Amino acid sequence: YEDDDVVVVDKPVGVAAHASVGWTGPTVLGSLRDRGVHITSYGAAGREGIVSRLDVGTSGLMLVCKSDLAYTEMRRQFAEHEVKKTYHALVQGGLKENKATIEAPIGRAKVSDFRFCVTPAGKPAVTHWDVLERFGHEATLVSVNLETGRTHQIRVHMSSIGHPLVGDFVYGPKKCPFPNLEGQTLHAMVLGFVHPVTKEYLEFTAPLPQYFEKLQKKLI
């Protein structure tokens, strides 16, 4: 979706939100600019227009702001938790409950610059999850809604309760029980927000990537 103020993209696995040290692959911002899409200059250097990010290994919907007004308003909406963000995730093992909320602060892990962990010194983080489908003791498909948007929040929170994402080699086991995955099984499925200019509520849905769907079918 694209208009004069915002653009919504369905980011595939293997594409970063923006350029960063050590990353030489494609980025959302680079791809948009290559297409001639104007992006606001608001935002940190190299991250202009981005009000929320997805990991390289996470697929799904991402919003980039084209106008200064849109950036200011959408930053407010994300900060005030007014944006609807629903993810689908396949986690290892069988979750005992059908739904729950994880409320645990997240901060940087001392062991690594790019890892995060649950820590009393971290920032508040709230994750709500609901079971969509169970695959015996092997895995569970869940729908996840975020109140906050901490870096690696879903990955850290699910790992903290003993159910890391399938294919997540940072917060899960180094050996994935389902080999040859193209990425971790985390997809930003739904994104809903009030348009910063028209004030119309917009909601978008992105289908699961093929590798995610194929794995689900194998587990059935």
Side-chain angles (χ1 to χ4, degrees), residues 1-13 15-19 26-89 99 101-103 123-132 141-155 157 185-210 212-213:
Y1 173 84
E2 182 180 359
D3 59 30
D4 290 340
D5 299 284
V6 297
V7 56
V8 178
V9 300
D10 183 2
K11 187 189 85 64
V13 165
V15 177
H18 54 76
T27 67
V28 170
L29 281 187
S31 298
L32 290 175
R33 284 172 172 150
D34 287 346
R35 289 179 49 212
V37 176
H38 169 78
I39 297 168
T40 176
S41 61
Y42 280 26
R47 304 181 184 184
E48 295 87 354
I50 293 179
V51 288
S52 68
R53 294 178 290 168
L54 295 178
D55 298 336
V56 173
T58 301
S59 58
L61 294 167
M62 190 177 142
L63 172 69
V64 179
C65 296
K66 297 174 63 177
S67 70
D68 299 350
L69 185 154
Y71 182 85
T72 302
E73 170 59 13
M74 292 315 303
R75 278 210 60 168
R76 185 199 67 77
Q77 287 190 35
F78 274 96
E80 297 294 327
H81 316 308
E82 296 174 1
V83 178
K84 180 179 180 181
K85 297 177 289 183
T86 303
Y87 296 75
H88 279 195
K99 63 188 303 182
T101 295
I102 304 170
E103 191 166 353
K123 295 179 179 179
V126 182
T127 302
H128 307 283
W129 58 263
D130 296 80
V131 170
L132 296 176
L141 180 68
V142 294
S143 173
V144 182
N145 286 283
L146 299 180
E147 274 193 34
T148 52
R150 307 304 173 203
T151 302
H152 299 177
Q153 180 172 320
I154 296 173
R155 299 165 66 190
H157 270 175
T185 48
L186 179 60
H187 180 69
M189 177 76 75
V190 178
L191 177 66
F193 58 92
V194 174
H195 191 280
V197 175
T198 68
K199 304 305 178 183
E200 175 188 3
Y201 178 74
L202 302 176
E203 187 168 299
F204 305 92
T205 303
L208 287 173
Q210 286 189 340
F212 201 142
E213 282 195 327

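Computation of the quantities below employed the complete heavy-atom set of this structure, encompassing side-chain atoms and omitting hydrogens, waters and symmetry-equivalent molecules. In what follows, residues are counted from 1 in the order of the sequence shown. None of the values given here were measured: they were computed from a predicted structure.
- H152 meets the ring-ring contact (aromatic ring centres under 6.0 Å, His included) test with F116, Y171; sequence neighbours excluded.
- Under a 3.5 Å cut-off, the side chain of H128 and the backbone N or O of L146 do not form any donor-acceptor pair.
- Side-chain atoms of E203 and V190, non-hydrogen and from C-beta on, do get closer than 4.5 Å to each other.
- Here the side chain of K11 pairs a donor or acceptor atom with the backbone of T58 at under 3.5 angstrom.
- Using a 4.5 Å heavy-atom cutoff, the side chains of R35 and E2 are in contact.
- A side-chain hydrogen bond (donor to acceptor under 3.5 Å, both in side chains) with T127 is found for one member of R150, E103, E147, H157 and no other, namely H157.
- For H81 (side chain) and G149 (main-chain N/O), no donor-acceptor pair under 3.5 Å exists by modelled atom type.
- Closest heavy-atom contact between A89 and L186: CB-CD1, 3.8 Å.
- With values rounded to the nearest 0.5 angstrom, H187 atom NE2 is found 10.5 Å from Y87 atom OH.
- Heavy-atom minimum distance, L61 versus L54: O-CD1, 3.6 Å.
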List the steps, then state whether side chain to side chain contact (heavy atoms under 4.5 Å, CB included) holds for L32 with V7. CA-CA 9 Å; L32 290 175; V7 56; 3.9 Å; yes
For K99 and V131, what are the C-alpha separation, side-chain angles and deciding distance, and is it a side chain to side chain contact (heavy atoms under 4.5 Å, CB included)? CA-CA 6 Å; K99 63 188 303 182; V131 170; over 6 Å; no
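- Contact check for V142 versus L132: no side-chain heavy atoms found under the 4.5 Å cut-off.
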Kindly determine whether V8 and M62 satisfy side chain to side chain contact (heavy atoms under 4.5 Å, CB included), including the steps that lead there. CA-CA 6 Å; V8 178; M62 190 177 142; over 6 Å; no
Test H18 against T27 for side-chain hydrogen bond (donor to acceptor under 3.5 Å, both in side chains), laying out the working first. CA-CA 5 Å; H18 54 76; T27 67; over 6 Å; no
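- The distance from atom OG of S67 to atom CD of E73, rounded to the nearest 0.5 Å, is 10.5 Å.
- In this structure, V126 and T148 approach most closely via the heavy-atom pair N-OG1, 2.9 Å.
- The existence of a salt bridge linking E80 and R75 is excluded, since no basic side-chain nitrogen approaches an acidic carboxylate oxygen closer than 4.0 Å.
- In this structure the side chain of S59 never reaches within 4.5 angstrom of the side chain of P12, judged on heavy atoms.
- At a cut-off of 3.5 Å, with distance as the only test, a side-chain donor of T40 or D68 sits close to an acceptor on the other residue.
- Residue R53 holds its CZ atom at 4.5 Å from CZ of R47, rounded to the nearest 0.5 Å.
- You'll find the side chain of L63 reaches within 4.5 Å of the side chain of V6, heavy atoms only.
- Counting all heavy atoms, side chain and backbone alike, S143 lies closest to T86 at OG-CG2, 3.3 Å.
- For D55, the salt bridge (Lys or Arg N to Asp or Glu O under 4.0 Å) partners two or more places apart in sequence, or in a different chain, are R155.
- The distance from the CG atom of L69 to the OH atom of Y42 is 9.0 Å, given to the nearest 0.5 Å.
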Steps toward side chain to side chain contact (heavy atoms under 4.5 Å, CB included) verdict (E82, V194): CA-CA 9 Å; E82 296 174 1; V194 174; over 6 Å; no
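- Counting all heavy atoms, side chain and backbone alike, L29 lies closest to E48 at CD2-O, 3.5 Å.
- For the atom pair L202 CG and K199 NZ, the distance stands at 11.5 Å (nearest 0.5 Å).
- When all heavy atoms are compared, the tightest approach of Y71 to I50 is CE1-O, 3.7 Å.
- Note on residues 189-209: pairs passing ring-ring contact (aromatic ring centres under 6.0 Å, His included), not counting sequence neighbours, are Y1-F204.
- The closest donor-acceptor contact from the side chain of K85 to the backbone of A188 lies at 3.5 Å or more, if one exists at all.
- In this structure, V51 and C65 have side chains that are in contact, with non-hydrogen atoms separated by less than 4.5 Å.
- Atom-to-atom distance recorded for N145:CG and M189:CE is 12.0 Å, nearest 0.5 angstrom.
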